[in-house]
Amino acid sequence: FGNDASDSAVDYRDYAVCVLPYTEMPDGYLDEAAIRHAKLTMSDERFRMEYLCEFISDTKGFFKRSVIEACTPSTITSDGKIITHPEAFTVELFSDGVSTYVMGIDPARSKLGDNFAISICKIMHGKTRLVYMETFKGKSYVHIAKTIYKLVNDFNIQAIGIDKGGAGQALVDILVDETSAGENPRLLDKNDPDFEDAAGRRIIELINYQSDWLKNANFDLQADFDHHKFLFPYRIDEELYEYNSKTYDGSDLKRLNEAWFDITEAKNEISAIVATPIGRAENIHFDLPEAQNNPYDVRRKDRYSATLIAADQARKIIKTGVIEDIGLADSEPIEGFWLEDNSN
């Protein structure tokens with residue numbers, strides 16, 4: 001109602017909430033096969049929300065959905081007015097020219113339906129913002145490498161983490177190839193001594209996505225959520241691109257919506273992850289619930305993995321305050337973010 005709203009503008013007695021779960025629908029109204037498929041592929045919480053009309057206050061996963069939503073700043077109430085939260089942000093398609101950006105990559109693994117996922121995070125004011133995500137299915141690594149080079153240029157990426165498993169090393173071999181790089185500087189593994197003096201950008205770190213790294217990365221991301229150090233976008237701001245000095249067309253808005261969809265799915269994947277102790281208490285398995293016991297399970301966690309890796313890369317930069325091995329002196333400050341004072 002805008003400025004016309006008042007205490008008497010809406011009478012709650014004129015409205016009602018109707019709850020109609022699938023169990024109360026007329027026979028034949030819904031496709032039973034679709035319902036069975038949803039039961040097999042959706043998490044319990046999501047199925048209850050989608051088909052049983054339940055308002056789930058929280059999830060049972062390692063990362064609570066309520067905490068994730070608390071890390072999605074949108075609006076606040078100030079002086080009786082609802083205004084945009086000062087930390088709210090939108091999806092981005094390129095660097096702002098000031099902040100530091102990092103990339104996390106989860107190559108498609110063993111399952112035929114796995115996604116190849118790329119997550120890009122922005123470091124700003126000592127916090128990490130998930131600003132872009134892209135997934136591929138059934139594309140060759142040569143094709144994806146071209147996209148990676150474009151994203152590295154568009155966002156001026158300063159660090160890339162890649163899961164070494166799932167053919168991650170094969171992807172790095174393509175990125176280091178001069179033919180694949182074309183006119184771009186080659187992207188090199190900063191820990192590979194064979195490329196210590198090679199021409200290119202030494203910004204890649206191959207991640208041993210298991211054991212201690214996996215456990216520490218998940219607990220660190222959980223801590224980032226708890227302290228609102230990792231944030232998610234809350235909307236798409238098409239006007240940001242409409243009035244930008246760069247020229248945008250329909251394909252750019254299509255990318256914007258696709259990135260928004262992937263980020264939304266990443267939140268779903270993250271909130272579905274469960275932690276299961278294996279053997280000794282210090283060994284923990286992070287996966288989708290009962291993922292190994294259901295041959296019809298089509299749920300994925302590729303976006304979660306890419307985000308976990310990108311968050312780890314951002315955390316390392318925030319912790320040290322320097323970017324290594326890309327031609328910057330160790331003492332050179334990084335624009336775009338400020339380390340918070342932890343002296344207390």
Side-chain angles (χ1 to χ4, degrees), residues 38-50 56-72 104-111 113-121 128-130 133 135 161-166 168 207-233 261-279 281-315:
K39 285 183 178 180
L40 288 170
T41 59
M42 286 184 174
S43 66
D44 176 64
E45 291 89 351
R46 193 169 186 183
F47 180 82
R48 287 159 57 196
M49 286 189 289
E50 296 285 346
I56 306 298
S57 60
D58 214 341
T59 53
K60 302 175 184 177
F62 181 77
F63 302 101
K64 298 300 183 184
R65 185 69 187 218
S66 59
V67 176
I68 292 175
E69 292 303 327
C71 292
T72 309
I105 296 177
D106 178 32
R109 288 188 176 82
S110 57
K111 290 184 180 179
D114 277 356
N115 292 313
F116 183 110
I118 298 175
S119 179
I120 294 180
C121 291
T128 303
R129 299 180 172 193
L130 179 58
M133 180 164 281
T135 56
I162 302 177
D163 178 8
K164 187 175 183 178
I207 302 297
N208 186 20
Y209 193 91
Q210 57 183 344
S211 189
D212 289 341
W213 182 91
L214 185 59
K215 179 178 69 174
N216 293 334
N218 276 282
F219 278 107
D220 286 342
L221 183 58
Q222 184 186 56
D224 286 345
F225 287 157
D226 289 341
H227 299 287
H228 294 183
K229 297 290 187 181
F230 189 101
L231 304 176
F232 296 91
F261 170 81
D262 281 325
I263 290 174
T264 301
E265 286 300 301
K267 294 171 69 174
N268 292 333
E269 292 181 11
I270 293 170
S271 60
I273 294 296
V274 296
T276 307
I278 300 177
E282 61 267 24
N283 295 326
I284 302 177
H285 181 64
F286 295 88
D287 206 342
L288 297 169
E290 301 180 353
Q292 307 302 322
N293 302 326
N294 186 354
Y296 302 100
D297 194 348
V298 296
R299 294 172 300 168
R300 296 291 173 259
K301 59 175 184 176
D302 316 276
R303 300 176 182 89
Y304 145 76
S305 299
T307 302
L308 187 70
I309 294 172
D312 178 66
Q313 293 294 306
R315 199 177 300 111

message: Please evaluate residues Thr307 and Ile270 with respect to the criterion side-chain contact (heavy atoms from CB on, under 4.5 Å), reporting the C-alpha separation (whole Å), side-chain torsions for both, the decisive distance (0.1 Å), and the verdict.
response: CA-CA 9 Å; Thr307 302; Ile270 293 170; 4.2 Å; yes
task: I would like to know whether Gln222 and Val67 meet side-chain contact (heavy atoms from CB on, under 4.5 Å); could you show each step before the answer?
output: CA-CA 9 Å; Gln222 184 186 56; Val67 176; over 6 Å; no
field: Step-by-step side-chain contact (heavy atoms from CB on, under 4.5 Å) determination, Ile207 to Gln313
entry: CA-CA 10 Å; Ile207 302 297; Gln313 293 294 306; 3.9 Å; yes
- prompt: For Ile263 and Leu130, what are the C-alpha separation, side-chain angles and deciding distance, and is it a side-chain contact (heavy atoms from CB on, under 4.5 Å)?
  reply: CA-CA 8 Å; Ile263 290 174; Leu130 179 58; 4.0 Å; yes
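A distance-only check finds no donor-acceptor pair linking the side chain of Asn115 to the backbone of Thr135 [under 3.5 Å]. With hydrogens and angles disregarded, a donor-acceptor distance shorter than 3.5 Å links the side chain of Asn218 to the backbone of Leu214.
With sequence neighbours excluded, the residues forming a ring-ring contact (aromatic ring centres under 6.0 Å, His included) with Phe286 are Phe62, listed by chain and number. Taking Glu69 as the reference, Arg65, Thr72, Lys267 meet the side-chain contact (heavy atoms from CB on, under 4.5 Å) condition, with sequence neighbours excluded. Partners of Asp262 under the salt bridge (Lys or Arg N to Asp or Glu O under 4.0 Å) rule, at least two apart in sequence or in another chain, are Arg303.
The distance from atom CD of Glu265 to atom CG of Asp302, rounded to the nearest 0.5 Å, is 11.5 Å. Summarising the geometry, atom NZ belonging to Lys229 is positioned 14.0 Å from atom CG belonging to Leu221; distances are rounded to the nearest 0.5 Å. Considering SG of Cys71 and NE2 of His227, their distance stands at 10.5 Å, rounded to 0.5 Å.
Nearest heavy-atom pair, Lys301 versus Asp287, reported as atom, atom and distance to 0.1 Å: NZ-OD1, 3.3 Å. Shown here for Leu308 and Ala217, the closest heavy-atom pair between the two residues is CD1-O, 3.5 Å. Of all the heavy atoms in Trp213 and Asn208, the pair that sits closest is CB-O, 3.6 Å. Taking each heavy atom of Ala306 and Asp106 in turn, the nearest pair found is N-CB, 3.9 Å.
Residue Phe63 forms a ring pair (Phe, Tyr, Trp, His ring centres under 6.0 Å) with just one option from Phe230, Phe232, Phe225, and that option is Phe225.
Side-chain contact between Ser119 and Ile309: absent, with no pair of heavy atoms (C-beta onward) separated by less than 4.5 Å. Counting heavy atoms from C-beta on, the side chains of Phe116 and Ile105 come closer than 4.5 Å.
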